[in-house]
Amino acid sequence: MKLSELRPCDHCRGSIVPFFYQVTVNIAVLDRAAVDQNLGMARFFAAGNQMSGSHLAIAEVMSSRPDVVKTDPQLETVVFLCAKCYTSKVLLPLALETAVKSSSAV
């Protein structure tokens, strides 16, 4: 990280401190078709028996789409938190809003 990318805590807006936390927040969406494919293959491998984690593991290996959660790196937000705020109750939506405003101002 470059010096120009540093900013104060996104929660308390305190000064820049030597030790801080970077929390990455990303929107995750289930890919319904991939979920259906993996569950269908797991049921196939169970062959009428009780479906277990091992059947799901085999289905994930054999599936053409093993990743069922999709994320968009463009929508990723990094929140800076000082140690005091990190260990206290943080209103994450407000910290996210501050982080988005701070990163777009650079």
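Just so you know, these numbers come straight off a predicted model, no measurement behind them. All residue numbers in this chain count up from 1 along the given sequence.
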Answer yes or no: are there more than 12 heavy-atom neighbours, outside Gln22 itself, under 6.0 Å from its atom CD? yes

Mind checking what makes side-chain contact (heavy atoms from CB on, under 4.5 Å) contact with Leu6, not counting sequence neighbours? Met1, Leu3, Ile16, Phe20, Phe80

Quick one: ring pair (Phe, Tyr, Trp, His ring centres under 6.0 Å) partners of Phe45, sequence neighbours excluded? none

When rounded to the nearest 0.5 Å, the distance separating CG of Asp36 from CE of Met41 is 13.5 Å

Could you state the interatomic distance from SG (Cys82) to OH (Tyr21), rounded to the nearest 0.5 Å? 10.0 Å

Which residues pass the side chain to side chain donor-acceptor pair (under 3.5 Å) test with His55, sequence neighbours left out? Ser52

Under a side-chain separation threshold of 4.5 Å, the hydrophobic residues clustered together with Val29 are Ile27, Leu75

Distance-only criterion, 3.5 Å: show the donor-acceptor pairs between side-chain atoms of residues 83-98 and protein atoms not counting sequence neighbours.
residue, atom, partner, partner atom, Å
Thr87, OG1, Ala83, O, 3.1
Thr87, OG1, Lys84, O, 3.2
Ser88, OG, Lys84, O, 3.2
Ser88, OG, Cys85, O, 3.1
Glu97, OE2, Lys101, NZ, 3.1
Thr98, OG1, Leu94, O, 3.0

Extract all donor-acceptor atom pairs below 3.5 Å that involve side chains of residues 57-71 and protein atoms in other chains or at least two apart in sequence.
residue, atom, partner, partner atom, Å
Ser63, OG, Gln37, OE1, 3.3
Ser63, OG, Arg65, N, 3.0
Ser63, OG, Arg65, O, 3.4
Ser64, OG, Gln37, NE2, 3.2
Arg65, NH2, Ala33, O, 3.4

